[in-house]
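Structure record follows, encoded as structure tokens.
Order of listing sets the numbers, starting from 1, for every ligand and every atom in it. Basis for what follows: all heavy atoms, side chains included, without hydrogens, waters or symmetry-related copies.
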Amino acid sequence: MSLVGSADVAVVGLGAVGSAVARHLAEGGARVIGLDRFRPPHDRGSSHGSTRITRLAIGEGDAFVPIVQRSHALWRELEARTGETLMTTTGGLVIASAASDARPYHGQAGFFEQTVRAAERFGIAHERLSAHEIRRQFPAFMPADDERGYWERDAGILVPERCVAMQLQQAAVHGADLRYGVDVSEIAAAHEGGGATLVTDSGPVVAAHVVLATGAWLPAMLPAAAGARFAVQRQVLHWFATDMPVLYEAGRCPVFIWMHGGEGQAFYGFPKADAHAGVKVATEQAEHVTTPEAVQRAVSAQETARTFDTHVRGRLRSLSARSVHDATCLYTSTADGRFVIDRHPTLANVTVVSACSGHGFKHSAAVGEAVADGLLGKTPRVDLSMFATLAG
Ligand SMILES: Cc1cc2nc3c(=O)[nH]c(=O)nc-3n(C[C@H](O)[C@H](O)[C@H](O)COP(=O)(O)OP(=O)(O)OC[C@H]3O[C@@H](n4cnc5c(N)ncnc54)[C@H](O)[C@@H]3O)c2cc1C
């Protein structure tokens, strides 16, 4: 087979992370080939479903705060450049009781209190609300008396499909060669100082450096011990019907995370912000470990009923148990909820980037910029060194 391309950097996987890396590499003057087995944005991986929560005080750990702050600046800059709306500020509410906050959320016990402390440390505009104040300010929510809220003014919604599409558009504008429908099956050779050869179904691609950003497909592309750091988990999203849509309009309803301590511990949701008639609500499930090939994409009526009964009933006013739309999506999770951004454990010139564990989208713009800057020989604006945990 003849060589189909050569570049300074080949970016494999052009979802949230890969599109950001490709954009910033191309803008920095690198010769970039971007490869994806599908045509992002698509609904086979982790970056679909119309909405993602973004919040600034990060309960997963203070180290994430500068990353999301830089990402917000990048999303706004991308909006100004493209004329697209990518991020809408709706405010954000985290609800928990003292007991439910003792259980881990995204790998962190005390997520609520850590969120409050991060807001205080970083000067992020916020308020603490009692259950009574939550009910008064946001009539969609019906918290119990022992629950309380963390309210963040500048939290909101990202539109993942549009973010990915606009990053790819900018990458292409700056000269990136983006190829869709190309499946990378192997990194055949990676020579010290001599680049790497990718085996694809369209022929080999040679690059001085490779960035592997293949999301839920990443674990199977790594040596077994490294791949075992990740679990791919099926997640289910529901859009429930309401007869009081006004309660869920942006402006009256923020994005929210609700840790109520019951089965599955928590759920989250959004004001009405997409084309579907219902209100989007989702849970996080660790038990459905799967692969992108084997995952059951259809959502059963029993699953919808279980989500409604376990989480929604008695908490969100006026939602009916009838979903108008359901979808599945894939988490690629690590045991501690951290990202993995490191050199490949055995191949020189290959960087692995996974902004994963169910909270990576909001950070992905700055992660992509920092990875690109590192490869371009510039000082990255945010510190990703704590995620270099793969090589051991
Ligand atoms: C249901 C759900 C809700 C979430 N909610 C939030 C949230 O509210 N806030 C937040 O910040 N984060 C959230 N996340 C997490 C966030 O969306 C993900 O961490 C992020 O989208 C992952 O991006 P990625 O680039 O790693 O993967 P993807 O966007 O899936 O991209 C991987 C790409 O690699 C390509 N690929 C794979 N294998 C190959 C191959 N061999 N050859 C070529 N191409 C290949 C795929 O086609 C795909 O396009 C959520 C995730 C899910 C699933």
Side-chain angles (χ1 to χ4, degrees), residues 10-22 33-55 58 60 64 67-68 71 75 87 92 106 155-161 163-164 167-168 178-187 198-202 205 210-221 230 232-238 255-257 267-270 280-285 291-293 295 326-334 337 339-341 352-365 367-368 371:
V11 181
V12 184
L14 296 172
V17 170
S19 64
V21 175
I33 293 182
L35 304 165
D36 201 288
R37 65 192 308 163
F38 300 119
R39 189 179 186 92
H42 60 75
D43 65 359
R44 305 281 91 187
S46 306
S47 301
H48 58 279
S50 310
T51 47
R52 288 290 182 273
I53 292 176
T54 186
R55 50 193 157 83
I58 301 295
E60 289 88 350
F64 289 93
I67 306 176
V68 75
S71 290
W75 300 126
M87 184 167 69
H106 285 176
I157 294 173
L158 291 163
V159 184
E161 293 88 346
C163 291
V164 170
Q167 288 180 146
L168 292 175
L178 304 179
R179 302 183 184 186
Y180 301 116
V182 178
D183 188 0
V184 176
S185 56
E186 200 185 334
I187 306 174
L198 300 174
V199 178
T200 85
D201 54 3
S202 305
V205 172
V210 173
V211 174
L212 208 48
T214 49
W217 288 262
L218 177 66
M221 296 176 81
F230 303 90
V232 176
Q233 299 154 343
R234 173 179 180 269
Q235 306 297 337
V236 184
L237 322 171
H238 310 276
V255 295
F256 64 93
I257 298 171
F267 71 119
Y268 63 93
F270 301 82
K280 182 180 165 187
V281 165
T283 57
E284 301 197 309
Q285 301 174 19
T291 66
E293 289 74 28
V295 64
D326 304 287
T328 54
C329 190
L330 295 168
Y331 273 10
T332 309
S333 292
T334 56
F339 302 161
V340 175
I341 303 168
V352 173
V353 190
S354 185
C356 52
S357 302
H359 63 111
F361 201 92
K362 69 180 79 55
H363 302 288
S364 59
V367 165
V371 169

Protein heavy-atom partner closest to atom 17 (O) of ligand 1 - residue, atom, separation in Å: Arg52 NE, 2.8 Å

Leu168 vs Pro40 side-chain heavy atoms within contact, under 4.5 Å: yes

Distance from atom 9 (N) of ligand 1 to nearest protein heavy atom, with residue and atom: Ile53 O, 3.0 Å

Arg44 near ligand 1 by a heavy-atom separation under 4.0 Å: no

Member of Leu198, Asp183, Thr200 meeting the side-chain contact (heavy atoms from CB on, under 4.5 Å) criterion with Val12: Leu198

Closest to atom 13 (C) of ligand 1 among Gly368, Gly181, Gly358 (heavy-atom distance): Gly358

Minimum non-hydrogen distance to atom 49 (O) of ligand 1, winning option of Asp36, Leu14, Val21: Asp36

Shortest protein contact, atom 16 (C) of ligand 1 (heavy atom only): Phe361 N, 3.5 Å

Per-residue contact class, His42 against ligand 1 - non-hydrogen pairs under 4.0 Å: side chain

Any N or O of Val17 closer than 3.5 Å to N or O of ligand 1: yes

Side-chain ion pair, Glu161 and Arg52, N-O less than 4.0 Å: no

Tyr268 side, atom OH; Ile53 side, atom CD1 - distance, nearest 0.5 Å: 7.0 Å

Closest protein heavy atom to atom 42 (N) of ligand 1, given as residue, atom name and distance to 0.1 Å: Val184 N, 3.0 Å

Listed partners of Ser185 passing side chain to side chain contact (heavy atoms under 4.5 Å, CB included), at least two apart: Val199

Which residue and heavy atom of the protein sit nearest atom 27 (O) of ligand 1, plus the separation: Gly215 CA, 3.7 Å

Residue and atom name of the nearest protein heavy atom (relative to atom 44 (N) of ligand 1), distance in Å to one decimal: Arg37 N, 3.0 Å

Spacing of Ile33 atom CD1 and Arg179 atom CZ [to the nearest 0.5 Å]: 4.5 Å

Check: His363 N/O within less than 3.5 Å of ligand 1 N/O: no

Phe256-Phe267 aromatic ring centre distance below 6.0 Å: yes

Enumerated ligand 1 atoms positioned under 4.0 Å from heavy atoms of Val182: 42 (N), 43 (C)

Proximal atoms of ligand 1 relative to Asp183 (non-hydrogen, under 4.0 Å): 40 (C), 41 (N), 42 (N)

Worked verdict on His106 versus Glu284 for side chain to side chain donor-acceptor pair (under 3.5 Å): CA-CA 9 Å; His106 285 176; Glu284 301 197 309; 2.8 Å; yes

Selection from Gly13, Ala16, Ala355 by shortest heavy-atom distance to atom 18 (C) of ligand 1: Ala355

Protein heavy-atom partner closest to atom 28 (P) of ligand 1 - residue, atom, separation in Å: Ser47 OG, 3.7 Å

Thr334-Ser357 side chain donor-acceptor pair, cut-off 3.5 Å: yes

Which of the ligand 1 atoms, numbered from 1, are nearer than 4.0 Å to a heavy atom of Trp217: 37 (C), 38 (N), 46 (C)

From Asp43 atom CG to Ser50 atom OG, the distance as rounded to the nearest 0.5 Å: 10.5 Å

Residue Lys362 vicinity, atoms of ligand 1 by number, heavy atom under 4.0 Å: 9 (N), 10 (C), 11 (O)

Proximity flag Ala213 to ligand 1, non-hydrogen atoms under 4.0 Å: yes

Numbering as shown, the atoms of ligand 1 that approach Gly45 to under 4.0 Å (heavy-atom distance): 30 (O)

Per-atom contacts of ligand 1 with Phe38, taking only distances under 4.0 Å to non-hydrogen atoms: 47 (O)

Atom pair OG1/CG of Thr51 and Leu158 - distance to nearest 0.5 Å: 9.5 Å

Closest approach of any protein heavy atom to atom 30 (O) of ligand 1, naming residue and atom: Ser46 N, 3.0 Å

Contacting atoms of ligand 1, where contact means under 4.0 angstrom from a heavy atom of Leu237: 1 (C)

Proximity to ligand 1 by part of Leu330, non-hydrogen separation under 4.0 Å: backbone

Ligand 1 contact by Thr54, heavy-atom criterion under 4.0 angstrom: no

Close-contact set for ligand 1 against His359 heavy atoms, below 4.0 Å: 10 (C), 11 (O), 12 (N), 15 (C)

His363 side chain near Glu60 side chain, heavy-atom distance below 4.5 Å: no

Distance, nearest 0.5 Å, that separates CZ of Arg44 from CZ of Arg37: 11.0 Å

Distance in Å, Thr332 OG1 paired with Gln233 CD, rounded so as to fall on 0.5 Å steps: 8.5 Å

Pair Ser71-Lys362, side chain to side chain donor-acceptor pair (under 3.5 Å): steps then yes or no: CA-CA 7 Å; Ser71 290; Lys362 69 180 79 55; over 6 Å; no

